[in-house]
A.B. asks: 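Pasting a structure here, questions to come.
Predicted, not measured: the structure shown is a model, and the values here were computed from it.
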There are 2 protein chains.
Amino acid sequence: MARTAGSHSDITGPRVRQAALRLFARQGYAAVSMRQIASEVGVQAGALYNYTPDKQSLLFDLMQAHMRDVLGAVPDPKGRSAMDQLEDFVRFHIAFHFGRPDEVFIAYMELRNLTPENFEVIEKQRKLYESHLEQILDNGVSAGAFAVQDPKIATFAVIAMLTGINTWFREGGRLSLEAVQDQYWHMVRTAVGA
Amino acid sequence: MARTAGSHSDITGPRVRQAALRLFARQGYAAVSMRQIASEVGVQAGALYNYTPDKQSLLFDLMQAHMRDVLGAVPDPKGRSAMDQLEDFVRFHIAFHFGRPDEVFIAYMELRNLTPENFEVIEKQRKLYESHLEQILDNGVSAGAFAVQDPKIATFAVIAMLTGINTWFREGGRLSLEAVQDQYWHMVRTAVGA
DNA sequence: GTCTATATTCTGATAGAC
DNA sequence: GTCTATCAGAATATAGAC
């Protein structure tokens, strides 16, 4: 099958998403123009519309893909002690988010730029992720492994603490990923009274 | 002294800042137009330029005023034990930020929309605030009151945890401000090994 | 699939009447 | 101090040639 001259559908599509990801993370969705994305990809603005119906879908697709990835990678707690489940979750969250700084940044900075319908979808996925941790804490409290007044609040506190790492941690800094995981795991463990 | 017809300089100025604050917090700086701000205030777009040289100054002034307020209100640690200093800081941070959700949201969401020069100024103030907590932890470790591996990391962790409260806490919810302060203080205290 | 060209609307900011 | 009118440019998105 001969290919049309100038045709690069299999390679341009991912590049559009990649450029949008990068630019949205650095400048913010509202501050990035379709022309800027096109320029980064190396095509004209009109060509972008072969890959996305509009700018909003570009943002939504990026966020949804990220949430799908997170939810698909969260560790299975089956057969693990409450303490081990919590440690698994903490180390996973840090490592996973560390490898995707742009996605993480967009996922919680650009929520307000989603249409109400798109927001509903993403928000549901975000709550599903939080419920993983809340379930671990709930079970651990029932089993007497943790001393937490309110598991919902502890869930918010732990996730905020862990996600905050992305604001300051850079690879090649004075600390390795493992050292960061160790220190945060220690703080989380003591904070929940384990 | 007679006043010019239609003159409201003493009342319109604050209203412009208030409208900008509200709109920037809800939609983001880049997504808000000067016409939108003017509409909220009840004037035409051109009139805004009697109160701000441009849109960027509007954002910068809001952020700088907020940082000035925070830095001016942070509790004086003099004569307090390490433990009391930490408790003071935690309770202050929660209460202060709870009363200014819009300012807080802007202060950490709109950093990237500042010009490089303005960013420098705000970033310096932000670091000054963080150093208050770091100093408390440093001193506490030296005095043997806290068990913290790395005070810099613990500082980031605590501030991220506390600031995260603004994403979920709403007045009139199931928890009082005092109950939230109590629970977070308990988590911080145990996390730093006090 | 990509290009150029364009429709339409909106943007930040300014000038000058009142 | 506020208004109306306007400038100059940028925005999203589409149409049609190739």
Side-chain angles (χ1 to χ4, degrees), chain A residues 1-21 23-24 26-63 110 112-118, chain B residues 1-24 26-63 106 110 112-118:
Chain A
M1 187 81 104
R3 176 163 292 165
T4 308
S7 166
H8 304 286
S9 74
D10 50 346
I11 193 171
T12 305
R15 296 226 307 144
V16 169
R17 295 165 55 88
Q18 197 179 22
L21 178 74
L23 289 169
F24 288 168
R26 274 160 192 67
Q27 305 177 223
Y29 172 78
V32 173
S33 72
M34 295 297 272
R35 279 172 181 79
Q36 236 182 312
I37 298 171
S39 167
E40 180 111 336
V41 174
V43 297
Q44 293 297 315
L48 294 180
Y49 292 87
N50 290 314
Y51 304 98
T52 181
D54 49 35
K55 193 185 172 190
Q56 168 71 204
S57 300
L58 212 41
L59 175 63
F60 177 62
D61 290 347
L62 288 172
M63 291 183 68
E110 302 296 354
R112 62 185 166 183
N113 284 312
L114 292 170
T115 62
E117 307 79 42
N118 288 344
Chain B
M1 184 83 105
R3 177 163 291 165
T4 307
S7 168
H8 303 286
S9 73
D10 50 346
I11 193 170
T12 305
R15 296 225 310 143
V16 169
R17 295 164 56 88
Q18 197 178 24
L21 178 74
R22 183 188 149 87
L23 288 169
F24 289 167
R26 274 160 192 66
Q27 304 176 226
Y29 172 78
V32 173
S33 71
M34 294 298 272
R35 280 171 179 79
Q36 235 181 312
I37 297 170
S39 168
E40 181 109 336
V41 174
V43 297
Q44 293 299 314
L48 294 181
Y49 292 87
N50 290 314
Y51 304 99
T52 181
D54 49 36
K55 192 184 172 189
Q56 168 71 204
S57 300
L58 212 39
L59 174 63
F60 177 62
D61 289 347
L62 289 172
M63 292 183 68
I106 290 174
E110 302 296 354
R112 61 185 167 185
N113 284 311
L114 291 170
T115 62
E117 307 79 41
N118 288 343

A.B. asks: Check every strand shown and say whether B/Val32 touches a base, only sugar-phosphate, or nothing at a heavy-atom separation below 4.0 Å.
C.D. replies: sugar-phosphate

A.B. asks: Please determine, for the side chain of A/Ser33, which listed nucleotide (D/dC3, C/dG1, D/dA11) has the closest atom?
C.D. replies: D/dA11

A.B. asks: How long is the line joining CD1 of A/Ile37 and C1' of D/dA13, in whole Å?
C.D. replies: 13 Å

A.B. asks: Taking the side chain as C-beta and beyond, is there a heavy-atom pair between B/Tyr29 and B/Lys55 under 4.5 Å?
C.D. replies: yes

A.B. asks: Which of these nucleotides, C/dA13, D/dA11, D/dG1, is closest to any side-chain atom of B/Arg35?
C.D. replies: C/dA13

A.B. asks: Is any side-chain nitrogen or oxygen of B/Thr12 closer than 4.0 Å to OP1 or OP2 of D/dT2?
C.D. replies: yes

A.B. asks: Just compare C/dC3, D/dC3, C/dG12 and give me whichever is closest to any side-chain atom of B/Gln44.
C.D. replies: D/dC3

A.B. asks: Is B/Asn113 close to B/Gln56 at the side-chain level, that is, under 4.5 Å between some pair of heavy atoms?
C.D. replies: no

A.B. asks: With rounding to the nearest 0.5 angstrom, report the CG to CD distance, A/Leu59 to A/Glu110.
C.D. replies: 6.0 Å

A.B. asks: Let me know the distance between CZ of A/Arg15 and P of C/dG1, rounded to the nearest Å.
C.D. replies: 15 Å

A.B. asks: Measuring from B/Arg26:CZ to B/Leu21:CG, what's the distance to the nearest 0.5 Å?
C.D. replies: 8.5 Å

A.B. asks: What nucleotide among C/dC3, C/dA13, C/dG1 has an atom nearest to a side-chain atom of B/Lys55?
C.D. replies: C/dA13

A.B. asks: From the set C/dC3, D/dT2, C/dT14, return the single nucleotide nearest to any side-chain atom of B/Tyr49.
C.D. replies: C/dT14

A.B. asks: How many whole angstroms separate atom CG of A/Asn50 from atom P of D/dA15?
C.D. replies: 13 Å

A.B. asks: Are A/Leu58 and A/Val16 packed together at the side-chain level, in the sense that at least one heavy-atom pair is separated by less than 4.5 angstrom?
C.D. replies: yes

A.B. asks: Rounded to the Å, how far apart are A/Ile11 CD1 and C/dT2 P?
C.D. replies: 10 Å

A.B. asks: So which one's nearest nucleotide on DNA chain D is more toward 5', A/Gly46 or B/Gly46?
C.D. replies: B/Gly46

A.B. asks: Please report the distance, rounded to the nearest Å, between CE in A/Met34 and P in C/dC3.
C.D. replies: 14 Å

A.B. asks: To the nearest Å, how far apart are B/Gln56 CD and C/dA13 C1'?
C.D. replies: 15 Å

A.B. asks: Give the rounded distance in Å between these two atoms: CD of A/Gln27 and P of D/dA11.
C.D. replies: 11 Å

A.B. asks: Output the rounded distance in Å from CG (A/Asp54) to P (D/dA11).
C.D. replies: 17 Å

